[in-house]
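Here's the structure we're looking at; comments come further down.
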Amino acid sequence: MPAVSWYTGDPFYDTVLLVGLVIPLATVLVSRFVSAPYGRFGGQWPLPKLHAKWGWILMELPATLVFWPAFLTGPRSGWTVPTIIAGIWGIHYLNRGFIFPSLLRVPKGSRTFSIVVVVTGMFVTALHGYLHGFFIARYGDHLTDAWLSDSRFWVGLGLYLAGLVLNIHSDSVLRALRTPQEVQRGDKIYRMPRRGGFIFVTNPQYLGELTAWVGFAMLTWSLAGVVILAISAANLIPRAIATHKWYRDRFPDYPRARKILIPFIF
């Protein structure tokens, strides 16, 4: 594919960005036929699988390994706003890449995380880390101290924090559905979540993730933010629909008023 220059003036960066914008379309097409093979849908593809803990860590690791060198070698890495955004990035991937996987309660001996998801996920998180690390420290001309007085920064930050809190709390609710004893015995037990955001929707953890990325796209005001939001939506919305159907099929008493992803709407 020939390099193109249309956003930052850097042909390589702009070509990678264009690739990133195409990925959500491919993700939507694939999701029409199969849900991403991890978790409760991990048995769909007869390919090697990992324990969910190691699947998540490996999949998310490039976001850290690629972002920080890309960011720290940029001429604006010491500026206030880029530093704040990098701190938000660090918090997000400390949770998603290390804390969240280490706290998972997956039945002993269970391997549900397809190697296909790990490999494709590593590619996406590496691309994601590169696009944001370079943009924030090199190409985001608007990310000066004046950006701190722009409403887009503060609305975006508020949305990001709200999404992060919802995501972390929803993960904790799901985690509590299995006891440590059940995990140790290898019991594959599924229960209906009934607290927090699950009162309103089947997938509040996905709602939190998408809300966080909407906020991040706003506070960075970048196409790099649009890329990760679009990829996340292309993956999580079809998965949310499949998860909602799974719960309704498995639990006859599943609340009919509970929506899929957006309270009272969808």
Side-chain angles (χ1 to χ4, degrees), residues 24 27-46 49-53 55-56 59-60 95-96 100-101 103-114 116-118 121 162-214 229 231-266:
T27 304
V28 169
L29 289 175
V30 172
S31 67
R32 289 178 61 87
F33 302 99
V34 63
S35 297
Y38 64 91
R40 62 176 54 87
F41 304 115
Q44 292 188 11
W45 291 6
K49 298 178 180 65
L50 301 176
H51 188 281
K53 172 183 176 180
W56 276 107
M59 184 175 71
E60 302 290 351
N95 173 62
R96 181 53 55 189
F100 166 73
L103 295 176
L104 283 173
R105 290 184 180 176
V106 179
K108 185 178 180 180
S110 176
R111 292 175 178 267
T112 60
F113 215 100
S114 173
V116 172
V117 175
V118 175
L164 180 67
V165 169
L166 176 59
N167 183 266
I168 291 174
H169 182 264
S170 301
D171 285 341
S172 71
V173 171
L174 287 175
R175 194 163 53 242
L177 295 177
R178 285 194 183 116
T179 67
Q181 294 76 19
E182 290 168 342
V183 171
Q184 186 61 30
R185 290 196 303 264
D187 298 342
K188 287 190 176 182
I189 295 175
Y190 292 98
R191 297 184 175 95
M192 188 195 311
R194 301 177 183 272
R195 298 188 294 114
F198 291 97
I199 295 172
F200 303 101
V201 295
T202 298
N203 303 277
Q205 73 279 29
Y206 298 160
L207 175 60
E209 184 83 359
L210 293 174
T211 301
W213 287 130
V214 168
L229 172 60
I231 292 174
S232 298
N235 176 46
L236 294 181
I237 293 174
R239 189 173 179 84
I241 294 170
T243 300
H244 186 72
K245 181 180 184 302
W246 183 91
Y247 270 109
R248 295 186 70 168
D249 291 344
R250 190 175 187 92
F251 298 99
D253 60 337
Y254 197 72
R256 294 292 166 178
R258 191 179 294 185
K259 297 297 184 180
I260 297 172
L261 190 63
I262 304 174
F264 313 113
I265 298 173
F266 169 71

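Everything numeric here is computed off the predicted structure, so don't read it as measured data. Just the heavy atoms: all of them, side chains too, but no hydrogens, waters or symmetry mates, feed the values below.
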Does the side chain of L261 come within less than 4.5 Å of L210's, by heavy atoms? yes
Taking all non-hydrogen atoms of both residues into account, name the closest pair between I189 and R178 and its distance. O-NE, 3.1 Å
Do any N or O atoms from the side chain of R258 and from the backbone of F198 form a donor-acceptor pair under 3.5 angstrom? yes
Stepwise salt bridge (charged side-chain N to carboxylate O under 4.0 Å, His left out) test for D249 and K245: CA-CA 6 Å; D249 291 344; K245 181 180 184 302; 2.8 Å; yes
Mind checking what makes side-chain contact (heavy atoms from CB on, under 4.5 Å) contact with V201, not counting sequence neighbours? P204, K259, P263
Heavy-atom closest pair (A234 atom, P24 atom, distance to 0.1 Å) is CB-O, 3.5 Å
Is the closest side-chain heavy-atom distance between V106 and K53 below 4.5 Å? no
To check you understand the geometry: which heavy-atom pair defines the closest contact between P255 and M192, and what is its length? CD-SD, 3.7 Å
Ignoring hydrogens and geometry beyond distance, is a side-chain donor-acceptor pair present between R239 and N203 at under 3.5 Å? no
Of all heavy-atom pairs linking S114 and K49, the shortest is CA-CG, 4.0 Å
The side chain to side chain donor-acceptor pair (under 3.5 Å) partners of D253 (sequence neighbours excluded) come to none
Answer whether the closest heavy-atom distance between the side chains of L166 and T211 falls below 4.5 Å. no
Residues at least two apart in sequence or cross-chain that pass side-chain contact (heavy atoms from CB on, under 4.5 Å) with L177, listed by chain then number, are L174, R191, P193
Do the side chains of N167 and R96 get nearer than 4.5 Å, heavy atoms only? yes
Residue pairs fulfilling side chain to side chain donor-acceptor pair (under 3.5 Å) with at least one residue in residues 192-202, sequence neighbours excluded: T202-H244, T202-Y254
Report the residues that fulfil salt bridge (Lys or Arg N to Asp or Glu O under 4.0 Å) with R105, sequence neighbours left out, ordered by chain and then residue number. none
For I241, all residues meeting side-chain contact (heavy atoms from CB on, under 4.5 Å), sequence neighbours excluded: I237, I260, F266
